[in-house]
Asker: 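I have a structure here, written as structure tokens, and I will follow up with some questions on it.
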Amino acid sequence: MPEGIYIAYTSVDKALTRGETLNGQSLHKEDVLELFIDPTGDLRQYFEIQINPQGKVYCHIHILTDEPSVTGKGRLTPEFMSRHYWAYPSPHADGIQVACRYDSAAGLWSAEGFFPVSFINRRQGAKPLNSGMVLRANFARYDWNAPLHDLARRSVFVYWSPVAPGCPHISPTRMGYLELVPGKPPSPTTTDRSLKE
């Protein structure tokens, strides 16, 4: 839709790991869904948006000051990162709407999010998103088997576009492509129900 991007996600998980990360901290050490979006596709500025099962949101902005230099596995090289890579919490996350729901009987975690152009397309003056527009993106799911204090804990990493485990934030050239096509806007029914529960 021109006003922003809507994403819906469902994951099978019989035992969610959640609730220990403090406000203002990255959520990647608990069960989390991560989205990486580069609206211009030039790999110079992209957003990382983390959503946990409780509906917490944490955003990072990644900025590259030169053409990316990467290893054979697609990661930014250490030399590039020391000179041309900047990352910090995004101060412009206003307007993001997220709703999450966990069905413990079915073992299903659902998340829905709306990311307005004021956030996603800020670099282009919050221009509306148009059909035919191509974005660079990746999606990640971290599924931890134990809480933060368990030293033997492990995670399963799942990526839409494959990257080295734990490295989607420093693998911008491995992002896939999303083409926006016209279609019927999603019904707000599911989101409304999720927000109430």
Asker: Considering residues at least two apart in sequence or located in another chain, which fulfil the side-chain hydrogen bond (donor to acceptor under 3.5 Å, both in side chains) criterion with Thr65?
Answerer: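 So Thr65 forms a side-chain hydrogen bond (donor to acceptor under 3.5 Å, both in side chains) with His84.
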Asker: Please check if Tyr6 and Leu33 belong to a single hydrophobic cluster, counting links between Ile, Leu, Val, Met, Phe, Trp and Tyr side chain heavy atoms closer than 4.5 Å.
Answerer: no
Asker: Can you tell me how far apart OG (Ser104) and NZ (Lys14) are? Round to the nearest 0.5 Å.
Answerer: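 Going from OG on Ser104 over to NZ on Lys14, the span is 9.5 Å.
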Asker: With distance as the sole criterion, is a donor-acceptor pair present between the side chains of Glu30 and Thr21 under 3.5 Å?
Answerer: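 Judged by distance alone, the side chains do pair up.
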Asker: I need the minimum non-hydrogen distance between Leu35 and Ile7, along with the two atoms involved.
Answerer: CD2-CD1, 3.0 Å
Asker: Considering residues at least two apart in sequence or located in another chain, which fulfil the salt bridge (Lys or Arg N to Asp or Glu O under 4.0 Å) criterion with Asp13?
Answerer: Arg141
Asker: List the steps, then state whether side-chain contact (heavy atoms from CB on, under 4.5 Å) holds for Arg136 with Ile37.
Answerer: CA-CA 6 Å; Arg136 297 297 300 269; Ile37 299 177; over 6 Å; no
Asker: I'd like to know if Tyr85 and Ile61 are part of one continuous hydrophobic network [Ile/Leu/Val/Met/Phe/Trp/Tyr, side-chain heavy atoms within less than 4.5 Å].
Answerer: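 No, no single cluster joins them.
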Asker: In chain order, what residues pass the side-chain hydrogen bond (donor to acceptor under 3.5 Å, both in side chains) check against Tyr102, with sequence neighbours excluded?
Answerer: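 Once residues adjacent in sequence are excluded, Tyr102 has no partner under the side-chain hydrogen bond (donor to acceptor under 3.5 Å, both in side chains) criterion.
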Asker: Could you pull out the closest heavy-atom pair between Pro147 and Thr17, with the gap in Å?
Answerer: CA-CG2, 3.7 Å
Asker: Using a 4.5 Å cut-off on heavy atoms from C-beta on, say whether the side chain of Ile120 contacts that of Pro39.
Answerer: yes
Asker: Kindly indicate whether the side chain of Pro68, heavy atoms from C-beta on, has any atom under 4.5 Å from the side chain of Leu43.
Answerer: yes
Asker: State whether the side chain of Asn138 and the backbone N or O of Phe36 hold a donor-acceptor pair below 3.5 Å, judged by distance alone.
Answerer: no
Asker: Is any side-chain heavy atom of Ser110 closer than 4.5 Å to a side-chain heavy atom of Tyr9?
Answerer: no
Asker: Do you know which two heavy atoms are closest between Pro116 and Gly95, and how far apart they sit?
Answerer: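 Smallest interatomic distance, heavy atoms only, reads CD-O, 3.4 Å.
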Asker: Who passes side chain to side chain contact (heavy atoms under 4.5 Å, CB included) against Arg44, sequence neighbours left out?
Answerer: Asp42, Leu64, Asp66, Glu67, Arg123
Asker: Can you pull out every salt bridge (Lys or Arg N to Asp or Glu O under 4.0 Å) where at least one residue sits in residues 173-182? Sequence neighbours excluded, please.
Answerer: none
Asker: Which atom pairs, one a donor and one an acceptor, fall under 3.5 Å between side chains of residues 69-77 and the rest of the protein, sequence neighbours left out?
Answerer:
{"residue": "Thr71", "atom": "OG1", "partner": "Lys73", "partner atom": "N", "Å": "3.3"}
{"residue": "Thr71", "atom": "OG1", "partner": "Arg75", "partner atom": "N", "Å": "3.3"}
{"residue": "Thr77", "atom": "OG1", "partner": "Phe80", "partner atom": "N", "Å": "3.1"}

Asker: Which residue pairs pass the ring pair (Phe, Tyr, Trp, His ring centres under 6.0 Å) test with at least one member in residues 126-157, sequence neighbours excluded?
Answerer: Phe139-Trp160, Tyr142-Phe157
Asker: Could you see if Tyr159 belongs to whatever hydrophobic cluster contains Val32? Use Ile, Leu, Val, Met, Phe, Trp, Tyr and a side-chain cutoff under 4.5 Å.
Answerer: yes
Asker: Can you list the residues that meet the ring pair (Phe, Tyr, Trp, His ring centres under 6.0 Å) rule with Trp86, with sequence neighbours excluded?
Answerer: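 Residues passing ring pair (Phe, Tyr, Trp, His ring centres under 6.0 Å) with Trp86: none at all.
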Asker: Using the test side chain to side chain contact (heavy atoms under 4.5 Å, CB included), find all partners of Asn145 that sit at least two apart in sequence or belong to another chain.
Answerer: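 Expected list: Arg153, Arg154.
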Asker: Got a sec, which residues hit side chain to side chain contact (heavy atoms under 4.5 Å, CB included) with Val156, two or more places apart in sequence or on another chain?
Answerer: Asp143, Val158
Asker: How long is the span from the OG atom in Ser161 to the OH atom in Tyr177, to the nearest 0.5 Å?
Answerer: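 The OG atom of Ser161 sits 9.5 Å away from the OH atom of Tyr177.
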Asker: Going only through I, L, V, M, F, W and Y residues with side-chain contacts under 4.5 Å, is there a path from Tyr58 to Val98?
Answerer: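 Per the 4.5 Å side-chain linkage, Tyr58 and Val98 are not co-clustered.
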Asker: Are Ile5 and Val117 close enough that some pair of their side-chain heavy atoms sits under 4.5 Å apart?
Answerer: no
Asker: Less than 3.5 Å apart, which donor and acceptor atoms pair up between the side chains of residues 45-52 and the rest of the protein, not counting sequence neighbours?
Answerer:
{"residue": "Tyr46", "atom": "OH", "partner": "His169", "partner atom": "O", "Å": "2.7"}
{"residue": "Glu48", "atom": "OE1", "partner": "His62", "partner atom": "NE2", "Å": "2.8"}
{"residue": "Glu48", "atom": "OE2", "partner": "Gln50", "partner atom": "NE2", "Å": "2.9"}
{"residue": "Gln50", "atom": "OE1", "partner": "Ser26", "partner atom": "OG", "Å": "3.1"}
{"residue": "Gln50", "atom": "OE1", "partner": "Leu27", "partner atom": "N", "Å": "2.6"}
{"residue": "Gln50", "atom": "NE2", "partner": "Ser26", "partner atom": "OG", "Å": "3.1"}
{"residue": "Gln50", "atom": "NE2", "partner": "Glu34", "partner atom": "OE2", "Å": "3.4"}
{"residue": "Asn52", "atom": "OD1", "partner": "Gln54", "partner atom": "N", "Å": "3.0"}
{"residue": "Asn52", "atom": "OD1", "partner": "Gly55", "partner atom": "N", "Å": "3.1"}
{"residue": "Asn52", "atom": "OD1", "partner": "Lys56", "partner atom": "N", "Å": "2.9"}

Asker: Are the side chains of Cys59 and Ile96 in touch, meaning some heavy atoms are under 4.5 Å apart?
Answerer: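 Counting from C-beta outward, Cys59 and Ile96 do come under 4.5 Å.
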Asker: With the 4.5 Å side-chain cut-off for hydrophobic clustering, are Met175 and Leu129 part of the same group?
Answerer: no
Asker: Kindly give the cluster partners of Val12, where membership spreads through any ILVMFWY side chain lying under 4.5 Å from a current member.
Answerer: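 Direct or chained contacts put Val12 with Leu108.
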